Amino acid sequence: MKETPPPAPVVYWHRELPPLASEIVAEHFLESTSDRVPGTISHRDDLWSTCHATLMRHARERLEQEVVRLGGTYAHVLDESIDVQHDPVTDEAWLKGRFTYVLLKRT
């Protein structure tokens with residue numbers, strides 16, 4: 001029985017290069033947030049790691065959705081900015097990210 005290769009990724013991060021047989025359609029940005037956690041995440045490595053992991057998972061999911069919505073094939077993330085958010089009323093913290101990417105289409 002022959003194994004089928006895994007599907008090619010849709011999202012390429014920073015130094016990862018998308019396939020050469022693709023052309024740039026447009027540059028976009030996307031904002032995403034992590035799940036909220038109780039307390040503040042400043043100086044707490046475990047909470048930062050947890051929030052960062054969920055932020056990146058949400059961002060990848062959103063990027064994949066945007067590629068389909070915009071009619072592209074790939075997204076190549078060029079830049080990201082991540083800020084810590086805190087709600088003193090609920091005493092919850094989370095990360096907010098802004099990702100700049102180019103939409104590519106297979107040629």
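This one's a predicted model, so the numbers in the text were calculated from it and none came from an experiment.
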Colleague: So, using salt bridge (Lys or Arg N to Asp or Glu O under 4.0 Å) as the criterion, who are the partners of E66 when residues are at least two apart?
Modeller: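 Once residues adjacent in sequence are excluded, the partners of E66 under the salt bridge (Lys or Arg N to Asp or Glu O under 4.0 Å) criterion are R69.
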Colleague: Is a side-chain donor or acceptor of T54 paired with a backbone partner of D35 at a separation under 3.5 angstrom?
Modeller: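 Indeed, once roles are kept as given, a pair shorter than 3.5 Å links the two residues.
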Colleague: Can you see which heavy atom on A93 is nearest to which on C51, and at what distance?
Modeller: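 Heavy atoms of A93 and C51 come nearest at O-SG, 4.5 Å.
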Colleague: Using modelled atom types only, decide if a donor and an acceptor are shared between the side chain of R62 and the backbone of E31 within a distance under 3.5 Å.
Modeller: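 Yes; at least one donor-acceptor contact below 3.5 Å.
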Colleague: Is it true that, when you exclude R57 itself, more than 12 heavy atoms of the residues, nucleotides or ligands shown sit nearer than 6.0 Å to its CZ?
Modeller: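 Counting other residues, nucleotides and ligands, CZ of R57 exceeds 12 neighbours.
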Colleague: Before you tell me yes or no, could you show the steps for I82 and R98 under side-chain contact (heavy atoms from CB on, under 4.5 Å), namely the whole-Å CA-CA distance, both residues' side-chain angles and the distance that decides it to 0.1 Å?
Modeller: CA-CA 7 Å; I82 299 174; R98 180 181 169 106; over 6 Å; no
Colleague: Clusters formed by hydrophobic residues whose side-chain heavy atoms approach within less than 4.5 Å: which one holds L78, and what are its other members?
Modeller: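 Members other than L78 - counting any ILVMFWY side chain reachable under 4.5 Å - are Y12, I24, Y74, V102, L104.
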Colleague: Are F29 and F99 in one and the same hydrophobic cluster, where Ile, Leu, Val, Met, Phe, Trp and Tyr link if side-chain heavy atoms are under 4.5 Å apart?
Modeller: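 Shared cluster, no.
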Colleague: For the residue pair H76 and W13, establish whether any side-chain heavy-atom pair is separated by less than 4.5 Å.
Modeller: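 Side-chain contact under 4.5 Å: no.
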Colleague: Please report the closest heavy-atom contact between V77 and Y101, naming both atoms and the distance.
Modeller: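 Nearest heavy atoms, V77 then Y101: CA-CB, 3.9 Å.
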Colleague: Report yes if the side chains of L63 and V10 come closer than 4.5 Å at any heavy-atom pair, otherwise no.
Modeller: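 Of all side-chain heavy-atom pairs linking V10 with L63, none is under 4.5 Å.
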Colleague: If we only count heavy atoms from C-beta on, is the E27 to T100 side-chain gap below 4.5 Å?
Modeller: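 With C-beta onward as the side chain, the pair touches.
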Colleague: With the side chain counted from C-beta on, respond yes when P38 and D91 share a heavy-atom pair under 4.5 Å apart, and no when they do not.
Modeller: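 A side-chain contact is absent here, since even the closest heavy-atom pair is not under 4.5 Å.
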Colleague: Between the side chains of K105 and E23, is the shortest nitrogen-to-carboxylate-oxygen separation below 4.0 Å, so that they form an ion pair?
Modeller: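 Looking at K105 together with E23, the answer is no, because their closest N to O distance does not fall below 4.0 Å.
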Colleague: Measuring only between side-chain heavy atoms, which start at C-beta, is D87 closer than 4.5 Å to R36?
Modeller: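 A side-chain contact under 4.5 Å exists here.
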Colleague: Using the ring-ring contact (aromatic ring centres under 6.0 Å, His included) criterion, which residues pair with H58? Sequence neighbours excluded.
Modeller: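 Once residues adjacent in sequence are excluded, H58 has no partner under the ring-ring contact (aromatic ring centres under 6.0 Å, His included) criterion.
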Colleague: Please test H14 against D79 for side-chain hydrogen bond (donor to acceptor under 3.5 Å, both in side chains), starting from the C-alpha separation and ending with a verdict.
Modeller: CA-CA 7 Å; H14 305 291; D79 189 41; over 6 Å; no
Colleague: For a side-chain contact (heavy atoms from CB on, under 4.5 Å) check, start with the C-alpha distance between Q85 and T33, then their side-chain angles and the critical distance, and finish with the verdict.
Modeller: CA-CA 9 Å; Q85 306 290 307; T33 58; over 6 Å; no
Colleague: Within a strict 4.5 Å, meaning less than it, do heavy atoms of the E80 and M56 side chains meet?
Modeller: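 With C-beta onward as the side chain, the pair touches.
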Colleague: Does the S32 side chain pair with the main chain of G97, one donor and one acceptor, at a distance under 3.5 Å?
Modeller: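 It does not hold such a pair.
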Colleague: From R60 CZ over to L55 CG, what is the distance, rounded to the nearest 0.5 angstrom?
Modeller: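 Taking CZ in R60 and CG in L55, the distance rounds to 10.5 Å.
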Colleague: Quickly, which of L95, V84, T50 forms a side chain to side chain contact (heavy atoms under 4.5 Å, CB included) with S34? Name it, please.
Modeller: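 Output: one option passes, namely L95.
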